[in-house]
2 protein chains.
Amino acid sequence: MNSSGSTKERILGAAEVLFAQHGFDGASLRQLTTAAGVNLAAVNYHFGSKDKLVEQVFRRRLDALNQHRLAELAKVVGQPQTTLEDVLAAYIRPALELSHDGNGSLFMRVLARAFAEHDDTLRQFLSENYGHVMRQFTAEFARLLPQLSKPELYWRIDLVTGALTHAMSGFGMIQRKSDVSEQVHREQTAQHLIRFAVAGLSHP
Amino acid sequence: MNSSGSTKERILGAAEVLFAQHGFDGASLRQLTTAAGVNLAAVNYHFGSKDKLVEQVFRRRLDALNQHRLAELAKVVGQPQTTLEDVLAAYIRPALELSHDGNGSLFMRVLARAFAEHDDTLRQFLSENYGHVMRQFTAEFARLLPQLSKPELYWRIDLVTGALTHAMSGFGMIQRKSDVSEQVHREQTAQHLIRFAVAGLSHP
DNA sequence: TGTCGGTTCAAACGATCGTTTGAGCATACG
DNA sequence: CGTATGCTCAAACGATCGTTTGAACCGACA
């Protein structure tokens, strides 16, 4: 295990797993480097510090996630009749599909943990780097739900976000026996999330 | 500040604040005892260990919270026409009212953080000590939503829990200027949460 | 007054943390 | 061949952590 890829990638992979399991402070560099099969000093050599490593763990996944989200959003808004389900699917499915490769499944727990920690540094980082994605989705929600006032809409989006974060953090906790059942479970989760979000967003 | 009450109570109060701000590992006993105005050794003398202190911080608030919840639930199920709103209010309002005294407002962030950390020890503690509360509420939901299958109901309750946890964790982050605006904000939060949860639970 | 259980105190303990260091190794280039 | 460069390694650094220790303090009671 962990015997493939460059040292940097082995560290990133092990970091994602251990951060999800024990938290950012809870996972020590000694655990981490041992699991990755690299020397203790490798983290500071390749990343500069533990904090920079945390940032890189986030960047690697979130860049791909939000790129995927925007691409899916662009697909559906180009259609003649965009529905709320379509937009929500563009928001939700890419997040759940992050768990397609084995390691990625733990990333959502890393993200959920980061959200809960309310660390201003991390929240600012998320807002600065990926705020425009949220803004695009919010604008689309506003267009599809014109009857809602701005504050009302923000409230509902916030509650939907909470439900999504919660579901994602629990997602992938159970080790699935096969890829096919994993896929089925992901599809079920997406269906439940989307229907729930539609109801929560559009109720009178 | 922190010059009133017994040593144990001063520690519990300071612990709640610092655990919410910096996490369980992030808040050190030296910070904590300094903020409480007590000696460093006082934690180990009165609580045995830091872990025991964490458990006591949880017990003190959760005992009151769940007692309050069950009392409110008993009120509404005694009525001739129990509504979904009533049951949700019995579940949600006591949690938001925990922030009535100044220190308590941070406890919900402690709880949200604990949820996100997915620590099996802590989850087992919560399940063992307060699982019966959740079971009673679930039974009431099942009674009011007979059209839903068991798995479907569990899914929706889980998503509602996510939204509640998320909203509670953000609640009380902004320091309100007065008690009255605090009260207004809590009432608005409760209203949004309840209406959102009703829509999410009862959609066809 | 003497002493005794409960509590507080400064100081130290060993462990573990993130980080730094300098030597050693490997590969590529003149 | 010599050496320059990128990387790995064991070892150590200072800081901070939770916990323990033993003396000092204090009101209550005989």
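In what follows, chains carry the letters A, B, and so on, assigned in the order in which the sequence lines appear, proteins first and then strands, with residues in each chain numbered from 1. Nothing here was measured: the structure is a model prediction, and the numbers come from that model.
With hydrogens and angles ignored, the 3.5 Å screen pairs a side-chain donor or acceptor of K50(B) with a backbone N or O of F24(B).
By the salt bridge (charged side-chain N to carboxylate O under 4.0 Å, His left out) test, K75(A) pairs with E72(A), sequence neighbours left out. Under the rule for a side-chain hydrogen bond (donor to acceptor under 3.5 Å, both in side chains), Q56(A) has no partner lying at least two apart in sequence or in another chain. R93(A) is linked by a salt bridge (charged side-chain N to carboxylate O under 4.0 Å, His left out) to E187(A), counting only residues two or more places apart in sequence or in another chain. With sequence neighbours excluded, no residue forms a side-chain hydrogen bond (donor to acceptor under 3.5 Å, both in side chains) with R30(B). With sequence neighbours excluded, the residues that form a side-chain hydrogen bond (donor to acceptor under 3.5 Å, both in side chains) with D63(A) are Y130(A). Under the side-chain hydrogen bond (donor to acceptor under 3.5 Å, both in side chains) criterion, N129(B) pairs with R59(B), not counting sequence neighbours. The side chain to side chain contact (heavy atoms under 4.5 Å, CB included) search around L70(A) returns H132(A), V133(A), Q136(A), not counting sequence neighbours.
Using the six-membered ring where Trp is involved, F125(B) and F58(B) have ring planes that are perpendicular, over 60° apart on the 30 and 60° scheme. Ring planes of H203(B) and F196(A): perpendicular class, angle over 60° (limits at 30 and 60°).
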What nitrogen or oxygen pairs link the protein and nucleotides 21-27 of chain C at under 3.5 Å?
none

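Between T7(B) and dT8(C), a side-chain N or O to OP1/OP2 separation shorter than 4.0 Å is present.
The rotation axes computed at either terminus of the helix from dT1(C)-dA30(D) to dG30(C)-dC1(D) lie 30° apart, taking five pairs at each end and rounding to 10 degrees.
Enclosure of atom CD in Q191(A) by more than 12 non-hydrogen atoms of other residues, nucleotides or ligands within 6.0 angstrom is indicated.
Contact check on R61(A) versus E16(A) returns a salt bridge, with a Lys/Arg side-chain nitrogen under 4.0 Å from an Asp/Glu carboxylate oxygen.
Straight-line distance from the NZ atom of K8(B) to the P atom of dT7(C): 9 Å, rounded to whole Å.
Applying the salt bridge (Lys or Arg N to Asp or Glu O under 4.0 Å) test to residues at least two apart or on different chains, the pairs with a partner in residues 152-167 of chain B are E152(B)-R156(B).
If you walk DNA chain D from 5' to 3' and mark each nucleotide with an atom closer than 4.0 Å to a heavy atom of chain A, the marks span dG6(D) to dA12(D).
For DNA chain C, no neighbouring residue in residues 48-59 of chain B is found when judged by any heavy atom under 4.0 Å.
Mapping G26(B) and H46(A) onto DNA chain D by nearest heavy atom places H46(A) closer to the 5' end of the strand.
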